[in-house]
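Here is the structure we will look at.
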Amino acid sequence: MRRIALGGFIVVACGFALAPFCTHAEEGFDTEHIFGFMIGSDVGNPGEREFQSQTTGRFGKGGGSYRAVGQEVEIELVPLPNFRVEIGSTVALHDITGVPDIDDRRQLNFQGFSLDLRYRLLDRETAPFGMTIAAESHGERIDEMTGAKARSYGTDFTLAFDREIIPNFAIGALNLIYQPDWTRFEIPDISDKSSTLGAAFAGMMRVGPNMLLGGELRYFRQYEGIGLGDLAGQALFVGPTAYFQLSERSRLTASWSTQVWGRPAGTGANLDLVNFERHQARLVFGVNF
């Protein structure tokens, strides 16, 4: 955990060091990539192409040692006005020891593919706020939480809103989330269906010509079955986000999120470390080409 914190500090420090040397600064906001775990309503301009590397770490369970890191590479295209397509593939690293109800394992595996489609319904330039609907479908051969071999399918549906609070200085965003998932494990041969509802809020402020700082607050409720059956647990995550425009074509986003409250169903615990992690971190680097 200390290494992760040190790595995050180094990334932020490098961003502060690079910012004074960047000469490119846009008027207003482009919210397509400024958030860590959330999305904005902007989808890019027709003809744009981007390569993106997204590293997501999840740390801490109810006991033992739990580390899971997913490395995703993505290609983003904007073939039509207000419509964006993203294709990605992910490699997953699991390092798990002594966690209740999860087998010990230390492995690096190819996890699966994803397809993310976004369509902007309202543009902030011509409407009171921006609004975009997104559907990210994924197929995986490794269970994201346990690292066990499985066939997993799901789609993350997101309705994203954003609005400039103070023009060219502060912006706020809201995400409404529904995530149904189906997983069949190889050993034992059982299937699991779940669904998650979430609401996330973010605020970002411009602190330099090429730098934004802010935070994200995310609340999730996980249910048994894809049709929102019995409640399995709930969690509230809070943490900072930093965005750096490294050059006219490249960018970096760093985000850290900590579970500050949660509760598995049927318990009086103050954190839900059964269905969620204690800490989540994300580092995103992108470049236009």
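The model shown is predicted, which means the values in this text are computed figures rather than measured ones. The figures here come from the full heavy-atom set of this structure, side chains too, leaving out hydrogens, waters and symmetry mates.
Of the N and O atoms on the side chains of Gln280 and Thr56, not one donor lies less than 3.5 Å from an acceptor on the other residue. Side chain to side chain, Arg249 and Asn288 fail the donor-acceptor criterion of an N or O pair below 3.5 Å. Under the 3.5 Å distance criterion, with hydrogens and angles disregarded, a donor-acceptor pair is assigned to the side chains of Arg221 and Gln234. Checked by atom type, the side-chain pair Thr31/Asp42 shows a donor-acceptor distance below 3.5 Å. A donor-acceptor contact under 3.5 angstrom links the side chains of Ser114 and Glu72, judged on distance only.
Environment of CD1 in Ile133: sparse, with no more than 12 heavy atoms of neighbouring residues, nucleotides or ligands closer than 6.0 Å. Within 6.0 Å of CZ on Arg263 lie more than 12 heavy atoms contributed by other residues, nucleotides or ligands. Few gaps surround CZ on Arg105; more than 12 heavy atoms of other groups in view lie less than 6.0 Å from it. No more than 12 heavy-atom neighbours from other residues, nucleotides or ligands sit within 6.0 angstrom of CG on Asp101.
The backbone N or O of Ala232 sits less than 3.5 Å from a side-chain atom of Asn275, completing a donor-acceptor pair. Without hydrogens or angle criteria, Arg278 side chain to Gln259 main chain gives a donor-acceptor distance under 3.5 Å. Looking at Asp104, its side chain does come within 3.5 Å of a backbone N or O of Gly98 through a donor-acceptor pair. Under a 3.5 Å cut-off, the side chain of His33 and the backbone N or O of Gly40 do not form any donor-acceptor pair. Checking side-chain atoms of Arg251 against main-chain N and O of Phe244 turns up no donor-acceptor pair under 3.5 Å.
By the criterion of side-chain heavy atoms lying less than 4.5 angstrom apart, applied directly or through intervening Ile, Leu, Val, Met, Phe, Trp or Tyr residues, Leu77 is grouped together with Val287 in one hydrophobic cluster. Val260 is not connected to Trp256 by any chain of hydrophobic side-chain contacts under 4.5 Å among Ile, Leu, Val, Met, Phe, Trp and Tyr, and they are in different clusters. Taking hydrophobic clusters as Ile, Leu, Val, Met, Phe, Trp and Tyr residues chained together by side-chain heavy-atom distances below 4.5 Å, Leu217 does not share a cluster with Phe237. Following chains of ILVMFWY side-chain contacts shorter than 4.5 Å, one can reach Val238 starting from Tyr219, so the two form part of one hydrophobic cluster. With hydrophobic clusters built from ILVMFWY side chains whose heavy atoms lie under 4.5 angstrom apart, Phe83 does not share a cluster with Val43.
For Val99 against Gly63, the heavy-atom pair with the smallest separation is CG2-O, 3.3 Å. Nearest heavy atoms, Gln179 versus Asp181: O-OD2, 3.7 Å. Minimum interatomic distance between Thr155 and Ala135 (heavy atoms only, all atoms of both residues): CG2-CB, 4.2 Å. Contact record, Val274 with Pro264: CG2-CG, 4.2 Å, taken as the closest heavy-atom pair. Nearest approach of Asp272 to Gly233, heavy atoms of both residues: OD2-CA, 3.2 Å. Closest non-hydrogen pair, Ser41 versus Arg120, comes out as O-CD, 3.4 Å.
Between Tyr119 and Thr132 there is no side-chain heavy-atom pair separated by less than 4.5 Å. Between Leu174 and Leu176 the shortest side-chain heavy-atom distance falls below 4.5 Å. Using a 4.5 Å heavy-atom threshold, the side chains of Leu213 and Met205 count as separate. Counting heavy atoms from C-beta outward, Leu212 and Phe29 have side chains that approach closer than 4.5 Å. Ile171 is listed as a side-chain neighbour of Ile34, based on a closest heavy-atom distance under 4.5 Å. With contacts defined as side-chain heavy-atom distances shorter than 4.5 Å, the pair Asp103/Ile96 does not qualify. By the 4.5 Å heavy-atom criterion applied to side chains, Thr196 and Ile177 are not counted as neighbours. A 4.5 Å side-chain heavy-atom check between Thr146 and Phe185 finds at least one atom pair inside the cut-off.
Glu216 has no carboxylate O lying under 4.0 Å from a charged side-chain N of Arg282, or vice versa, which leaves the two without a salt bridge. Looking at Glu277 and Arg58, a side-chain N of the basic residue comes within less than 4.0 Å of a carboxylate O on the acidic one, giving a salt bridge. A salt bridge links Arg84 with Glu32; the closest basic N to acidic carboxylate O contact falls under 4.0 Å.
In summary, the aromatic rings of Tyr223 and Phe220 are positioned with their centroids too far apart to meet the 6.0 Å limit.
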Go through Thr90 and Glu140 one step at a time and tell me if the side-chain contact (heavy atoms from CB on, under 4.5 Å) criterion holds. CA-CA 9 Å; Thr90 303; Glu140 299 166 348; over 6 Å; no
Worked verdict on Lys149 versus Ile187 for side-chain contact (heavy atoms from CB on, under 4.5 Å): CA-CA 8 Å; Lys149 291 184 178 180; Ile187 303 174; over 6 Å; no
Please walk me through it: do Leu228 and Tyr178 pass side-chain contact (heavy atoms from CB on, under 4.5 Å)? CA-CA 10 Å; Leu228 304 177; Tyr178 170 57; 4.1 Å; yes
Evaluation steps, side-chain contact (heavy atoms from CB on, under 4.5 Å), between Tyr66 and Met145: CA-CA 10 Å; Tyr66 180 86; Met145 178 179 290; 3.9 Å; yes
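Summarising the geometry, atom NE2 belonging to His138 is positioned 11.5 Å from atom CG belonging to Leu115; distances are rounded to the nearest 0.5 Å. Rounded to the nearest 0.5 Å, atoms CG (Leu93) and OG1 (Thr55) are 11.0 Å apart. Separation of atoms CD1 (Ile166) and CG (Asn168) is listed at 11.0 Å; rounding is to 0.5 Å. In this structure, CZ in Arg218 is found 4.0 Å from OG in Ser257, a value given to the nearest 0.5 Å. Atoms CD1 and OG1, on Ile190 and Thr183 in that order, are 10.0 Å from each other to the nearest 0.5 Å. To the nearest 0.5 angstrom, Phe51 atom CZ is 12.5 Å from Ser250 atom OG.
Among Glu86, Glu48, Arg49, Arg118, the one residue that satisfies the side-chain contact (heavy atoms from CB on, under 4.5 Å) test with Glu76 is Glu86.
Note that Arg163 lies outside the cation-pi zone of Phe129, set by a 6.0 Å cut-off to the ring centre and a 45° limit from the axis.
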